[in-house]
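Being a predicted model, the structure only gives us computed values, none of them experimental. If you read the sequence from its start, that first residue is 1, and numbering goes on from there.
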Amino acid sequence: MTKAALPPPHAVCVFCGSSPGSDPRYASEARRFGRLLAEHKVGLVYGGGAVGLMGAVADGTLSSGGRVVGIIPRFLLRAEVGHEHLSERIVVETMHERKMAMFERADAFVVLPGGIGTLEELFEILSWRTLSLHAKPMVVVEAGGYWDPLKALIERCVAARFARPELHDHIRFVPAVDAVLPTLTAMPSDRTPSKIEKT
């Protein structure tokens, strides 16, 4: 199947932590990525929180005049301190609805540092891609080595033949946020239409 480079994304979904983490550089890079999205007129879709890296990337985008869509389950509005100044806030009932809404509104996915929730979001979207349910690219920001173990795990899966080598066409690792958008537009795509259905 012929592959071609992607056009610049209209909107990017960012998966990241609702905590700032142990290193202040994580939040600084999240804010910088938000500013880069706004400067390139790429919308941000994310989990709707006002704290941690989630809040940082949203604030970075908003401070530079960008558009931010936050999608948050009702039960997390208080726990994650739902952001009050978004371009659009969508309240859903379940975590599955949240992921589906983020998936539908984004052309690509970017992973910043985060915890179990971030990993769960990443692996579900990546699993859908390996099953040819969509063709949206994914980029992981290594952030000073934070995601090195994840990168090694994915390489191990491929080496052990539990994942196909084509996995490298689906997900890329970059050292810093300024490499994200150039990497997304350079990634191959088979243009497979989404086959994911709401449940």
Side-chain angles (χ1 to χ4, degrees), residues 6-21 26-27 29-129 133-141 177 180-181 184 192-199:
L6 293 169
H10 174 71
V12 165
C13 177
V14 174
F15 298 139
C16 61
S18 58
S19 165
Y26 298 151
E29 281 292 276
R31 281 190 294 272
R32 188 159 75 93
F33 184 55
R35 292 193 295 269
L36 285 170
L37 290 177
E39 290 166 9
H40 288 84
K41 302 188 185 308
V42 176
L44 168 66
V45 178
Y46 85 119
V51 296
L53 301 195
M54 293 173 67
V57 70
D59 289 341
T61 308
L62 292 166
S63 69
S64 295
R67 176 172 172 77
V68 179
V69 177
I71 302 169
I72 188 168
R74 195 176 307 278
F75 75 93
L76 284 180
L77 271 175
R78 179 173 297 177
E80 291 189 355
V81 191
H83 205 298
E84 297 292 335
H85 305 290
L86 305 177
S87 310
E88 181 180 2
R89 184 168 76 179
I90 299 169
V91 180
V92 297
E93 298 303 322
T94 69
M95 296 294 282
H96 181 79
E97 287 180 82
R98 180 200 225 179
K99 283 183 291 185
M100 181 58 68
M102 290 193 290
F103 171 82
E104 290 173 340
R105 287 171 172 263
D107 305 310
F109 301 89
V110 175
V111 181
L112 301 178
I116 299 303
T118 301
L119 285 167
E120 189 268 339
E121 290 167 329
L122 161 66
F123 279 119
E124 182 155 9
I125 297 297
L126 184 57
S127 176
W128 292 350
R129 178 69 194 267
L133 297 177
H134 71 89
K136 299 177 182 182
M138 308 180 70
V139 170
V140 177
V141 180
V177 296
V180 170
L181 294 178
L184 284 173
T192 303
S194 173
K195 301 173 186 175
I196 299 172
E197 298 179 357
K198 293 182 179 180
T199 59

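Legend: residues meeting side-chain hydrogen bond (donor to acceptor under 3.5 Å, both in side chains) with Arg35, ordered by chain and number and at least two apart, are absent. Not counting sequence neighbours, Phe33 has no partner by the ring pair (Phe, Tyr, Trp, His ring centres under 6.0 Å) test. Contacts of Arg31 classified as side-chain hydrogen bond (donor to acceptor under 3.5 Å, both in side chains), with partners at least two apart in sequence or in another chain: none.
The nearest pair of heavy atoms linking Val42 to Pro9 is CG2-O, 3.5 Å. Ala56 approaches Ala30 most closely through the heavy-atom pair CB-CB, 3.9 Å. Val92 and Glu97 make their closest contact through CB-CB, 3.8 Å (heavy atoms, listed as atom of the first residue, atom of the second, distance). Contact detail for Met95 and Pro73: the closest heavy-atom pair is SD-CG, 3.6 Å.
Taking CZ from Arg105 and NE2 from His10, the interatomic distance works out to 10.0 Å, rounded to the nearest 0.5 Å. A distance of 8.5 Å separates CD in Glu124 from CZ in Phe15, rounded to the nearest 0.5 Å. Taken to the nearest 0.5 Å, the NZ atom of Lys99 stands 11.5 Å off from the SG atom of Cys13. A distance of 10.5 Å separates CG in Leu86 from CD1 in Ile71, rounded to the nearest 0.5 Å. Here the OG1-CZ distance, from Thr94 to Arg74, works out to 11.5 Å after rounding to the nearest 0.5 Å. Atom CG of Leu44 and atom CE of Met54 lie 9.5 Å apart (nearest 0.5 Å).
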### Message
Leu77 vs Arg89, test: side chain to side chain contact (heavy atoms under 4.5 Å, CB included). Steps then yes/no.
### Response
CA-CA 11 Å; Leu77 271 175; Arg89 184 168 76 179; 3.7 Å; yes
### Query
side chain to side chain donor-acceptor pair (under 3.5 Å) between Asp59 and His83: does it pass, once the steps are laid out?
CA-CA 9 Å; Asp59 289 341; His83 205 298; 2.7 Å; yes
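For the pair Leu112/Val177, a side-chain contact is recorded, criterion being any heavy-atom separation below 4.5 Å from C-beta on. Side-chain contact between Glu121 and Met102: present, with at least one pair of heavy atoms (C-beta onward) separated by less than 4.5 Å. The closest side-chain heavy-atom distance from Thr61 to Arg67 is not below 4.5 Å. When side chains are defined from C-beta on, Thr118 does not count as touching Pro113, because their heavy atoms never get closer than 4.5 Å. In this structure, Leu53 and Tyr46 have side chains that are not in contact, with every pair of non-hydrogen atoms separated by 4.5 Å or more. In this structure, Asp107 and Leu184 have side chains that are not in contact, with every pair of non-hydrogen atoms separated by 4.5 Å or more. Under the 4.5 Å side-chain criterion, counting only non-hydrogen atoms from C-beta, Leu62 is in contact with Ser87. Val68 places none of its side-chain heavy atoms less than 4.5 Å from the side chain of Val57.
A cation-pi arrangement is found for Lys136 relative to Phe103, the charged atom lying closer than 6.0 Å to the ring centre and inside a 45° cone about the ring normal.
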